Amino acid sequence: MTVPPRLSVVVPLHGGEEHAEECLESLRDQTLDDMEVILVGRPRGLRPPDHRFTLLTLGDGGDDPGTARNAGAAVATGRYLAFADPGAVVPAGAYRALVGALDHTGSDLACGRIRSWTPYAPGQAAVPAPKARLRTHITRHQKLLDDPRAGGTVFRREFWNRHGFAFPAGLVEDFPVTIPAHVLSTSADVLGDVVCLTRGSRPPADPLRRLRAMLEVSDLLGRHAPQLRTAYDLRLAEGPDLEAVLDAVRDRVPDGLAETLSRLGHLDPGAMERLPVLRRLQIHFAAHGMTGELAELRTFAASEIRHRGVLRRGLRRRRWYLDYPFRRDPRLPRSLFDATRDLRLVACVDDVRHTDGRLVLAGHAYIAHLDSGRSRIELWLQRGEERITLPVRRTRRPDVTADSRQSVACHDDSGFETVVALDALPRGRWALHARVRARGVTRAGRATGAPGERVFDAGDVRVCLTRDRGLTLGPRAAGAPHHDLDGQVNTARWTESGELVLEGTGRCPAGRIVLERGAERHSWPVRQDEATWTAAIGRTAEGLPLRSGVWRVLALTPAGRDERVRLSPALIADPPRPRVTGFHEISVRTSHDGDLSLAVRPALGPHERGPYATRRRRAAARSWPRGRVTLRNAAVFDSYGGGQYSCNPRAVSEELARRHPDVEIVWVTRDGQFAVPPGVRLVLYGSREHEEALRTSRFVVANRRTQPGWYRKPRGQTVVQTWHGTPLKRLGLDLEGMPYAQRVPRDELARQVATWDLLLSPSPFATSALRGAFGYEGEILESGYPRNDVLFDPARARAARRRLGLTGDRRVILYAPTWRDDESTGRLALDPARVAGALGDDDVLLVRAHYLVARDMTIPTGDRIRDVSKFPDMADLLAATDVLVTDYSSAMFDFACTGRPMVFFAHDLERYRDEVRGFYFDFEAEAPGPVLRTGDDVLDVLRHGDLGRFAARYERFARRYCPWDDGHASARVVARVLS
């Protein structure tokens with residue numbers, strides 16, 4: 001008779017897991033010998049390490065981890081049951097410890113800590129493990145709700161079978177099993193040791209399936225552990241899955257979804273009371289089938305919520321309510337609008353400095369939605385129940401209002417400064433707390449910190465300022481590691497020209513200092529002297545300032561490795577103050593280990609940025625003279641919201657400068673990321689200079705709906721909307737019914753359109769489409785597109801090729817796909833490296849990612865492939881191109897002027913056309929080139945295809961969509977505007 005093993009371990013496999021062999025090796029090396037391992041699913045190419053491993057191959061459902069786990073559990077013979085993820089590593093003694101605990105206690109399940117795998121995982125063992133809790137229960141140890149993964153859990157098999165546990169199919173999640181198991185168990189053993197190291201993350205689950213599973217768990221908690229349900233339902237209600245499901249609800253709700261939404265009405269009342277008003281309303285509308293109201297609330301949240309504040313109502317017991325839509329609807333209880341939970345404390349330590357044995361703190365504190373003008377702020381350090389009251393000096397902080405993302409409450413008076421005398425600070429770990437009283441409301445709690453982390457020693461005190469935990473003061477760490485000073489930055493200073501100079505002692509291990517953000521990198525040389533090194537960070541190699549964002553500062557070693565640049569302890573304690581240079585404000589940030597980063601943002605003052613400033617400026621604009629005023633002979637140009645010097649505005653601007661040099665040319669820049677010709681003035685989008693230019697200039701020319709919210713057109717000003725492409729894809733008002741499309745609220749669209757005096761159109765087709773999409777009834781000039789004038793200028797094509805370093809005899813293929821409204825980050829459907837490798841030596845592939853996603857993409861470069869996503873103007877690229885490969889981009893209409901061939905890679909045509917965006921015409925029937933579905937087809941056409949067979953269709957396409965393009969559209973526009 002065969003004796004069953006003590007433990008069965010089930011590993012689901014679908015084939016191709018990157019680290020599955022490491023997982024199996026860790027299972028082979030377990031010190032618990034009496035175990036079996038069942039590899040179930042489709043374990044292609046994996047060889048069992050020894051006789052304890054068996055294969056169970058599945059047909060249908062073999063790719064689903066839930067189905068595979070259940071199948072493995074059904075054939076398991078062990079007294080205990082465990083599940084291991086193929087991407088995880090199980091420490092050698094983990095299962096022996098878990099099974100030993102169950103043998104000792106008789107509990108129904110045992111679990112331990114799960115940690116992410118890193119190359120330094122062995123160092124995690126040095127971290128003191130928490131004390132084990134044996135024979136406990138989830139109702140007494142509620143932290144078990146926080147990490148309900150099965151990878152670190154062993155179940156008693158009899159307990160598993162008795163309750164019929166099973167993983168849901170189609171959902172790569174553990175909580176539908178682990179949380180019910182903990183709840184239904186008589187007891188559980190929780191070990192302090194790490195029993196599982198995870199590597200990577202699981203693919204995201206379908207939000208609706210996750211939500212349904214969470215609602216099932218909520219119901220179970222209501223029946224068996226009601227004391228846990230409030231906390232669990234609060235997480236459910238605040239979580240991203242419910243957010244995604246609610247955002248997808250439209251007018252017609254399928255029956256299955258309607259049933260799920262109705263169950264939201266049974267969420268724990270205590271959890272509902274703790275939610276913000278917006279989420280309470282969303283859940284109420286969804287649960288009661290009020291889809292129209294939910295849609296209106298969605299629009300409100302996207303555009304107007306920042307402009308609504310609180311109201312105080314009631315005769316005897318006056319309470320605060322948020323002034324949200326449907327507040328007076330008799331169908332809704334007033335409690336839905338109760339603002340108690342929204343009136344939260346916002347308290348932050350922005351800076352801390354060590355001076356003369358004292359710590360000087362600066363920060364701000366206020367209650368959300370309530371003005372700070374007559375508020376009271378109290379500060380104290382707290383250790384357990386012990387408190388040390390700190391003096392408070394109030395300071396003006398208009399920047400806090402500007403950054404509060406709302407337009408109703410003023411927090412200019414929310415600033416504070418305080419001092420901590422270190423010699424009088426008792427030894428121990430102290431944290432800064434704040435209390436704010438305003439308008440009869442009191443809120444208190446621990447202060448948070450500014451972005452980044454600063455850790456330094458002030459005498460015998462270790463000072464830590466982090467975003468999540470705020471300011472903590474504790475004993476200086478004994479025996480703190482000493483870091484080699486070579487390569488560290490000891491001095492950081494700003495020059496008059498706006499460069500940040502980094503200086504260090506010793507030998508710098510790098511030849512260049514690199515700044516990196518996402519896929520973008522820039523570098524500057526390191527100058528090495530005998531005892532010091534210096535690097536000056538300024539403009540990039542393209543002559544432009546750094547764009548906004550947080551940049552990591554790296555040292556590029558001679559071996560080609562990137563190493564983080566660290567600040568010295570003294571510089572962490574006293575870093576440089578933020579500096580305004582050009583169009584940007586640059587701040588120095590550090591990490592816990594002193595790693596240096598630079599935070600860059602547009603240099604807008606507190607009265608120029610944010611919704612509160614916009615509201616004040618909009619009110620001030622109402623006082624602008626309304627009669628016909630004398631405007632300056634100036635023109636303001638804006639391309640893509642200040643993002644580029646390009647497109648139709650560029651062509652009109654240059655033509656205007658040639659024909660009328662007396663007109664002042666002003667260009668708007670949002671981030672300083674383009675250069676302009678001599679004599680053109682740049683102004684920062686949203687700045688006072690921008691406001692002054694819009695208020696006093698005779699002409700405004702833009703290619704998108706990008707005028708600031710405070711803009712009010714003065715009488716006599718002419719606004720020219722050039723737009724930026726012939727529309728294949730639906731726009732504006734025509735996007736109704738397209739769930740993924742990003743729509744502008746109707747009232748905002750109407751406000752923008754009402755300022756237009758002239759709309760440019762490249763064709764009669766575009767005229768009709770643009771009128772309907774924008775609801776525009778004003779004058780339209782069918783001029784052709786000014787940006788296409790360069791396509792008739794051979795000199796511009798030659799100049800573009802020279803700039804790209806291309807010889808005239810190479811065939812230039814441009815791959816320029818549009819972006820997808822349903823994708824937050826870009827991806828290229830066509831593999832550039834594969835295409836370039838398959839083309840001939842005389843071919844070169846240019847790849848231009850759409851400007852909305854280009855900054856998040858890495859595109860390879862080489863002799864036959866170039867990333868031209870940052871090339872200033874698409875029109876110049878088209879002029880230099882021999883063959884255009886695109887999908888649904890409006891570049892097809894521009895390129896049709898040239899008569900050169902086009903290829904259309906429409907791999908997702910049906911989804912894009914029917915679900916994502918919608919088309920104005922039958923694209924497949926009219927496209928002036930082959931419409932292809934696979935990358936292989938594209939390669940075949942580029943190498944061997946006869947594109948001349950589309951000549952007749954090409955001619956019809958050009959005649960319909962670009963009949964007026966002849967190289968003189970800019971001249972026609974300038975003549976009309978100045979007539």
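Treat the numbers as computed from the prediction; the structure is a model and nothing was measured. Sequential numbering from 1 along the given sequence is applied to the chain's residues.
- Taking the salt bridge (Lys or Arg N to Asp or Glu O under 4.0 Å) definition, one finds that Arg561 meets it with Glu563, sequence neighbours left out.
- Not a single salt bridge (Lys or Arg N to Asp or Glu O under 4.0 Å) links Arg866 to another residue, sequence neighbours left out.
- Between the Tyr920 side chain and the Phe765 main chain, no donor and acceptor come within less than 3.5 Å of each other.
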CA sep, side-chain torsions, deciding dist, call: Leu877, Leu804, side chain to side chain contact (heavy atoms under 4.5 Å, CB included):
CA-CA 9 Å; Leu877 288 177; Leu804 292 166; 4.0 Å; yes
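- Under the 4.0 Å criterion applied to side-chain N and carboxylate O atoms, Glu926 and Arg953 are not assigned as salt-bridge partners.
- At a cut-off of 3.5 Å, with distance as the only test, no side-chain donor of Thr722 or Asn703 sits close to an acceptor on the other residue.
- In this structure the side chain of Leu546 reaches within 4.5 angstrom of the side chain of His522, judged on heavy atoms.
- Inspection of the Thr934 and Asp937 side chains reveals an N or O donor paired with an N or O acceptor under 3.5 Å.
- Between Asp247 and Arg298, at least one side-chain nitrogen of the basic residue sits less than 4.0 Å from a carboxylate oxygen of the acidic one, meeting the salt-bridge criterion.
- Contact annotation: the side chain of Phe950 never approaches that of Met902 to less than 4.5 Å [non-hydrogen atoms, C-beta and beyond].
- Using the six-membered ring where Trp is involved, Tyr912 and Tyr888 have ring planes that are parallel, under 30° apart on the 30 and 60° scheme.
- In this structure, a donor-acceptor pair under 3.5 Å is absent between the side chains of Thr818 and Ser889.
- More than 12 heavy-atom neighbours from other residues, nucleotides or ligands sit within 6.0 angstrom of CD on Glu25.
- When the shell of 6.0 Å around CH2 of Trp964 is examined, it contains 12 or fewer heavy atoms from other residues, nucleotides or ligands.
- Annotation: side chain to side chain contact (heavy atoms under 4.5 Å, CB included) contacts of Asp867 (sequence neighbours excluded): Ile859, Thr861, Ser869.
- Under the 4.5 Å side-chain criterion, counting only non-hydrogen atoms from C-beta, Leu845 is not in contact with Val885.
- Screening Tyr961, Phe904, Phe893 against Phe923 for a ring pair (Phe, Tyr, Trp, His ring centres under 6.0 Å) leaves a single residue, Phe904.
- A salt bridge is defined here as a Lys NZ or Arg NE, NH1 or NH2 lying under 4.0 Å from an Asp or Glu carboxylate O, and Asp922 with Arg913 fails to meet this definition.
- Between Asp873 and Tyr645, every side-chain heavy-atom pair lies at or beyond the 4.5 Å cut-off.
- Salt bridge present: Arg650 and Asp876 bring a charged side-chain N and a carboxylate O closer than 4.0 Å.
- Put simply, CG on Leu544 and CZ on Phe674 are 10.0 Å apart, with the number rounded to the nearest 0.5 Å.
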